[in-house]
Each structure stands twice: as C-alpha cells, then as structure tokens.
Amino acid sequence: MSRGSDPVAGSGPPLPASFYARATDAVARDLLGRFLWRRLENGRAAGGRIVETEAYFGPGDPGSHARRRTPRSAIMYGEPGRAYVYFTYGMHYCFNVVAHEPDGVGAALIRALEPLADLEGMAERRGKAVRGAGGQLKDKLLCSGPARLTQALAITRALNGTDLTAPPLWISGSETVPDRVVTVTPRIGLRTGADLPARFIITDSPFLSR
DNA sequence: GTGACGATAATCT
DNA sequence: GATTATCGTCACA
C-alpha cells in the first residue's frame with residue numbers, strides 16, 4: 001500500500017474475475033498477502049490482509065462440501081469470483097471465494113486476516129472475547145479464524161453468491177507474496193483422511209488461526 | 001500453557 | 001437422526 005492515507009484506496013482496485021478462474025489451490029496460494037475489504041452500512045470500510053487460506057475441491061475431495069453437488073454446494077460449481085458463505089455449528093459463518101478452472105469445481109476458504117482497518121468496529125462486533133483485563137484490545141483475536149473474521153467483517157449468509165469484484169465485499173492487492181514466506185500444511189478441522197496438504201499460511205504471521 | 005466440553009441449527013442421508 | 005471447513009469458557013497444570 002502506498003497511495004495516500006486511506007488503506008482501501010491504497011490497496012488498489014478489486015481483483016478481476018480472471019484472478020479466480022484458475023486452479024483452486026493456486027488461487028488459495030495467491031490470495032495470501034491480498035486485502036479483503038467490507039464496506040459497511042455506516043459507510044466505513046473494515047478489512048485486513050489475508051494470511052491463511054485453504055483449498056476445497058470438487059468430486060474426489062472427501063473434505064469438501066462440493067464432493068457432491070447439493071443445493072448448498074452448487075455455488076462451488078458456478079462462476080469463479082463469487083462468495084460462498086455457509087452457516088455451521090449452529091452459530092458460525094465461514095467465507096469462501098469460488099475459484100476453479102473452466103468447468104471445474106472448488107473454492108478457497110479464508111481462514112485468517114491481519115486486521116488493518118476499523119479495528120474498533122471489529123472489536124464491537126466480536127464482543128467481549130477480544131478484550132482482556134482493563135478493556136485492553138487483543139487484536140490477535142479479531143480475525144484469526146474463519147468464523148472470527150466473518151463476525152469481525154459482518155459477513156453473513158446475506159452475502160452468499162455476491163460478486164467479489166466490486167463493493168460491498170471485495171479483494172484487492174497487486175502483489176503475490178514470495179514462496180519463501182509461504183508454508184503449506186494439512187487442512188484443519190476435518191475428519192482424518194480429508195486433511196489434504198491444502199492449507200496455505202504466511203509462515204511468520206502472528207494472526208494465524210493456530 | 002493445554003485439553004475437554006457445550007452451544008445451536010442448517011444441511012444432508 | 002447424524003454430522004458439522006468453530007469458538008469461548010472453564011478446569012487443571
């Protein structure tokens with residue numbers, strides 16, 4: 001970021017749909033270091049730098065919702081560059097970007113952000129869990145997990161299917177981080193056997209989910 | 001610091 | 001009826 005003092009403007013225009021029309025794991029890898037932004041009802045923008053992602057594939061990937069085509073997973077069979085937001089465990093939303101080659105299936109789960117803009121708003125939406133003794137803000141707890149970041153950015157199922165190449169929810173950033181700062185690990189939270197090495201992290205980030 | 005557990009409802013078999 | 005791409009809290013060390 002370099003232009004002016006507004007982090008949103010300084011991070012450049014939204015990534016085009018073509019960015020997402022590539023192999024799912026390549027997109028998940030290349031999302032590291034980019035910026036996720038959310039324009040809120042009050043006009044403010046909340047956002048952060050993507051530091052952790054996972055790739056979920058289509059039929060043949062037992063850990064993926066899209067291992068079968070169902071009403072919920074159909075969006076992963078559709079147009080790249082749209083949001084896939086689902087509700088789980090009776091209380092949490094998770095945010096994915098539909099990403100795959102032509103006629104492919106898949107999406108990249110955004111698992112953690114380094115919070116950059118509207119930290120106070122994030123803290124309000126996240127609730128008391130992000131405050132320590134004396135009301136001190138624990139910024140590591142704002143966006144370090146897939147359900148935490150959706151709460152911090154006010155992402156709900158109302159945004160399922162939205163186009164990510166324009167507000168109110170978009171990703172920007174023109175730089176691809178170098179391989180030397182990236183680590184690949186097994187995916188998290190799945191039944192063993194489905195935990196493919198398809199989790200991508202910025203190795204030394206303090207804002208990872210674990 | 002670590003590990004167990006319950007919350008809570010959409011989704012699918 | 002079972003499962004779940006999670007998180008916060010509470011023990012205990």
According to a strict under-4.0 Å criterion, is [X] in side-chain N/O contact with OP1 or OP2 of [N]?
X: His65(A); N: dT11(B); value: no
X: Arg148(A); N: dG8(C); value: yes
X: Arg199(A); N: dA5(C); value: no

So if I take every side-chain heavy atom of [X] and compare against [options], which nucleotide ends up nearest?
X: Phe87(A); options: dA10(B), dC12(B), dA5(C); result: dA10(B)
X: Tyr56(A); options: dA5(C), dC12(B), dT6(C); result: dA5(C)
X: Met91(A); options: dT8(B), dT6(C), dG8(C); result: dT8(B)
X: Arg157(A); options: dA5(C), dA10(B), dC7(C); result: dA10(B)

In whole Å, I'd like the distance from the [atom1] atom of [X] to the [atom2] atom of [N].
X: Lys140(A); N: dG1(B); atom1: NZ; atom2: P; result: 11 Å
X: His92(A); N: dA10(B); atom1: NE2; atom2: C1'; result: 14 Å
X: Glu52(A); N: dT6(C); atom1: CD; atom2: P; result: 10 Å
X: Tyr93(A); N: dC7(C); atom1: OH; atom2: P; result: 15 Å
X: Arg187(A); N: dA5(C); atom1: CZ; atom2: C1'; result: 8 Å
X: Asp195(A); N: dT6(C); atom1: CG; atom2: P; result: 12 Å
X: Leu142(A); N: dC7(C); atom1: CG; atom2: P; result: 13 Å
X: Phe200(A); N: dA5(C); atom1: CZ; atom2: P; result: 19 Å

Will you find, in the side chains of [X] and [Y], an N or O donor that is under 3.5 Å from an N or O acceptor?
X: Arg126(A); Y: Gln151(A); answer: yes
X: Ser172(A); Y: Trp37(A); answer: yes
X: Thr176(A); Y: Arg34(A); answer: yes
X: Ser144(A); Y: Ser209(A); answer: no

Pairing nucleotide - dT8(B), Watson-Crick or G-U, each distance under 3.5 Å: none
Nucleotide paired to dA5(C) in any strand shown, Watson-Crick or G-U, under 3.5 Å: none
Check every strand shown and say whether [X] touches a base, only sugar-phosphate, or nothing at a heavy-atom separation below 4.0 Å.
X: Tyr89(A); answer: base
X: Arg68(A); answer: sugar-phosphate
X: Arg191(A); answer: sugar-phosphate
X: Gly63(A); answer: base
X: Arg126(A); answer: sugar-phosphate

Any side-chain heavy-atom pair of Tyr77(A) and Asp103(A) under 4.5 Å: no
Non-hydrogen side-chain atoms of Leu116(A) and Arg49(A) separated by less than 4.5 Å: yes
5'-most by nearest nucleotide on DNA chain C - Ala108(A) or Ala129(A): Ala108(A)
